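Please read all numbers here as calculations on a predicted model, not as lab measurements. If you read the sequence from its start, that first residue is 1, and numbering goes on from there.
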Amino acid sequence: MPQRVGLLPNLTGLLIGTVFFAFSLTPSLLPRPILIQGVLSGLSFSAGYGLGSLLVWLWSYLQLPSLHLRWARVIQAVASVLCLLFVLRFAWQAAEWQNALRSMMGLELLTASQPFYLGLIVTLVFLLVLALARLFNWIMHALAARWQRYVPLRISYLTSFLVVVLLFWSVIDGVLINSLMRTANNSFKQLDALIDDHLPRPTAARQTGSHASLINWEELGRQGRRFVAGGPGDAGLRDFFGQETAVPVRVYVGLASADTPQQRAELALQELKRTGGFERSLLLLITPTGTGWIDASSIDTLEYLHRGDVASVAVQYSYLNSPLTMMTNQAYGEETARSVFSRIYGYWRELPKETRPRLYLSGISLGSLNSDRSFDLFDIIDDPFHGALWAGPPFRSNTWRRVTAQRDEDSPAWLPTFRGGSVIRFMNQTRGLDQATEAWGSFRLVYLQYASDPVTFFSPGIAWTEPDWMKAPRGPDVSPDLRWFPLVTMLQLGADTMFGIAPKGFGHEYAPAHYIDAWLGLTEPEGWTEQDIQRLKQHFQPEGRE
């Protein structure tokens with residue numbers, strides 16, 4: 001009687017794993033370094049192999065027909081050849097896909113695809129995942145074998161499976177992740193405390209961190225000191241305009257400046273009052289990213305457009321970078337943003353309307369998310385602030401998701417039009433804020449986003465559903481070769497979010513010229529001609545900066 005075998009785990013796993021591996025070589029939103037590509041492809045292959053093994057187990061569990069040994073060997077040989085051809089086909093074109101993306105973004109082209117290093121990294125990642133999977137399986141079966149003496153077979157396996165899941169999760173989340181987070185927090189905290197030699201303590205009494213300031217220079221943190229000491233200053237503005245201008249006010253409160261978000265918010269208000277921030281014509285409330293970083297392009301351009309007559313204030317809420325902050329203390333960032341907004345807006349609304357400054361909000365990435373969550377519409381509806389500019393909003397932004405989902409039918413998901421643009425408008429590298437069909441009111445919200453920004457367009461749902469932003473017509477900075485594949489595309493965009501590279505004007509790197517266009521439409525500064533605007537944009541080009 002001929003031998004019969006079930007579907008071979010290695011065969012099925014290799015088939016699906018190979019397909020996932022090949023798909024992972026296709027382009028996504030941003031170019032990827034070889035190390036990141038290797039880890040991504042290794043995880044993709046592991047996911048496909050795991051899926052294949054699961055299907056084999058399910059086939060056996062359902063007691064479905066098995067194959068003759070002869071046919072199984074034939075299928076295995078044919079499948080192996082097909083896998084090899086499939087991999088070679090995609091590996092051959094991988095460098096071409098990556099170079100097409102790099103060419104679009106003005107990056108240096110790759111000279112070689114480095115298949116040896118890619119294969120080595122993929123193998124190491126797969127072996128690590130396989131070892132963890134087999135450890136999981138061994139512990140589960142060992143526990144089930146003990147419990148079979150007391151409970152039915154299936155209950156013993158179900159119970160042991162749940163116990164091992166809990167055990168692995170406790171080790172990963174309670175030991176590994178917590179230890180890594182503590183280490184990361186301490187490292188970022190030490191980095192935050194470093195004082196750059198080229199940033200001397202401010203000497204002017206009006207500056208935050210000076211001897212007259214309510215906030216100690218050392219307690220501002222690394223990003224706070226850069227923010228306070230940076231910018232055009234009165235000298236840079238005078239050189240550009242050829243005459244004296246107002247002096248910008250910059251207030252920053254570091255995480256070490258006070259113990260609680262409420263205390264830091266109160267300190268920010270008092271320092272803003274001390275420095276004359278409410279005497280400027282425009283007041284900007286900035287919500288920084290996780291480390292306390294503020295995009296210099298966003299504030300520098302605004303100060304030029306309003307000839308220095310700007311006050312800005314920001315409060316730090318974390319030492320960690322944005323991805324780690326979102327995983328650990330996202331609520332703390334939101335609490336800080338709400339405390340700062342409530343305190344400063346509360347004071348601002350009590351000022352005479354005819355003399356108080358115009359109030360705007362801004363933030364990039366995690367800063368835009370927390371800025372969006374810093375206020376309740378019902379609390380400001382009787383006396384609203386003037387507007388907000390949010391760049392690179394993360395996909396977790398509730399307002400952004402709702403507006404994008406409810407966009408006007410004739411607008412793409414990567415650059416929506418919402419209710420004719422009467423309140424909320426979107427812009428990117430190629431389209432400004434003047435494409436709306438409805439008149440813009442006094443309360444204005446602006447989203448500056450690039451179609452190639454994975455921070456904005458990543459979503460866990462991409463694992464099983466093709467997103468609307470991938471459908472035609474696509475954004476001008478998205479590869480036409482980008483295709484959606486279940487699970488793999490989510491892994492690709494996750495890698496882009498964490499490790500993708502892009503020059504200014506692509507991905508999550510927002511260019512000064514686009515900030516200029518955004519601030520022009522949002523705040524409408526007076527006295528600017530088209531020639532003046534082009535001159536300002538040229539000033540912010542790398543070769544145009546001093």
Side-chain angles (χ1 to χ4, degrees), residues 30 105-106 199 222-233 236-237 239-241 248-252 282 284-314 316 321-322 360-369 371 387-394 426-433 446-453 455-456 477 500-523 525 528 532-546:
L30 299 178
M105 298 182 178
L199 292 178
R222 186 165 177 257
Q223 300 297 346
R225 289 187 289 269
R226 287 184 173 183
F227 173 72
V228 169
L237 292 169
D239 291 343
F240 182 83
F241 291 105
V249 171
R250 292 190 175 192
V251 172
Y252 193 98
L282 191 148
L284 182 65
L285 179 51
I286 306 172
T287 304
T289 63
T291 59
W293 176 75
I294 295 171
D295 191 348
S297 298
S298 68
I299 179 61
D300 290 355
T301 51
L302 181 67
E303 289 175 344
Y304 271 95
L305 285 170
H306 288 269
R307 293 173 168 79
D309 197 12
V310 176
S312 55
V313 55
Q316 185 183 17
N321 61 19
S322 292
Y360 291 90
L361 277 56
S362 78
I364 182 174
S365 193
L366 182 59
S368 71
L369 173 64
S371 179
L389 171 57
W390 293 321
F426 292 76
M427 64 166 290
N428 65 358
Q429 312 99 313
T430 60
R431 196 186 81 176
L433 300 172
V446 172
Y447 285 106
L448 171 59
Q449 61 185 47
Y450 300 151
S452 57
D453 188 347
V455 174
T456 297
D477 48 337
I501 55 175
K504 287 288 186 180
F506 296 91
H508 203 54
E509 300 291 333
Y510 287 85
H514 305 140
Y515 275 118
I516 291 173
D517 291 334
W519 285 125
L520 279 169
L522 181 63
T523 65
W528 285 88
D532 294 333
I533 294 170
Q534 293 305 318
R535 177 170 168 259
L536 181 62
K537 289 181 178 180
Q538 182 62 34
H539 177 74
F540 277 94
Q541 291 295 323
E543 66 274 10
R545 300 309 304 274
E546 297 177 354

N/O donor-acceptor pair under 3.5 Å between [X] side chain and [Y] backbone:
X: Ser312; Y: Arg250; answer: no
X: Gln449; Y: Asn428; answer: no
X: Arg222; Y: Thr291; answer: no
X: Trp390; Y: Ser371; answer: no

List the atom of [X], the atom of [Y], and the distance in Å for their closest heavy-atom pair.
X: Gly505; Y: Tyr450; value: C-CE1, 3.3 Å
X: Asp300; Y: Pro232; value: OD1-CD, 3.9 Å
X: Ser365; Y: Thr289; value: CB-CG2, 4.4 Å
X: Gln223; Y: Gly292; value: CB-O, 3.4 Å
X: Ile364; Y: Asp295; value: CD1-OD2, 3.8 Å
X: Ser368; Y: Pro394; value: OG-CD, 3.4 Å

Apply side-chain contact (heavy atoms from CB on, under 4.5 Å) to residues Arg535 and Gln538 and explain how you reach the verdict. CA-CA 5 Å; Arg535 177 170 168 259; Gln538 182 62 34; 5.6 Å; no
Hey, do the aromatic rings of Phe540 and Tyr515 have their centres closer than 6.0 Å?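 No: the rings miss the under 6.0 Å criterion.
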Can you tell me how far [atom2] of [Y] sits from [atom1] of [X], rounded to the nearest 0.5 angstrom?
X: Leu522; Y: Leu305; atom1: CG; atom2: CG; result: 11.0 Å
X: Ser298; Y: Leu284; atom1: OG; atom2: CG; result: 7.5 Å
X: His539; Y: Phe240; atom1: NE2; atom2: CZ; result: 6.5 Å
X: Lys537; Y: Asp517; atom1: NZ; atom2: CG; result: 3.5 Å
X: Leu389; Y: Leu302; atom1: CG; atom2: CG; result: 9.0 Å
X: Thr287; Y: Leu369; atom1: OG1; atom2: CG; result: 10.0 Å

Tyr447: which residues meet the side chain to side chain donor-acceptor pair (under 3.5 Å) condition with it, sequence neighbours left out?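 Scan of Tyr447 (side chain to side chain donor-acceptor pair (under 3.5 Å), adjacent residues dropped) gives none.
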All ring pair (Phe, Tyr, Trp, His ring centres under 6.0 Å) counterparts of Trp519, not counting sequence neighbours: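 In terms of ring pair (Phe, Tyr, Trp, His ring centres under 6.0 Å), with neighbours along the sequence ignored, Trp519 is linked to no residue.
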Please collect all salt bridge (Lys or Arg N to Asp or Glu O under 4.0 Å) contacts where either partner lies in residues 501-514, sequence neighbours excluded, each pair once.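 Pairs touching residues 501-514 that pass the test: none.
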Under 6.0 Å from the six-membered ring centre of Tyr252 and within 45° of its axis: does the NZ or CZ of Arg226 meet both?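 Output no; distance or angle outside limits.
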Is any side-chain heavy atom of Leu237 closer than 4.5 Å to one of Pro248?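 A side-chain contact exists here, since the closest heavy-atom pair is under 4.5 Å.
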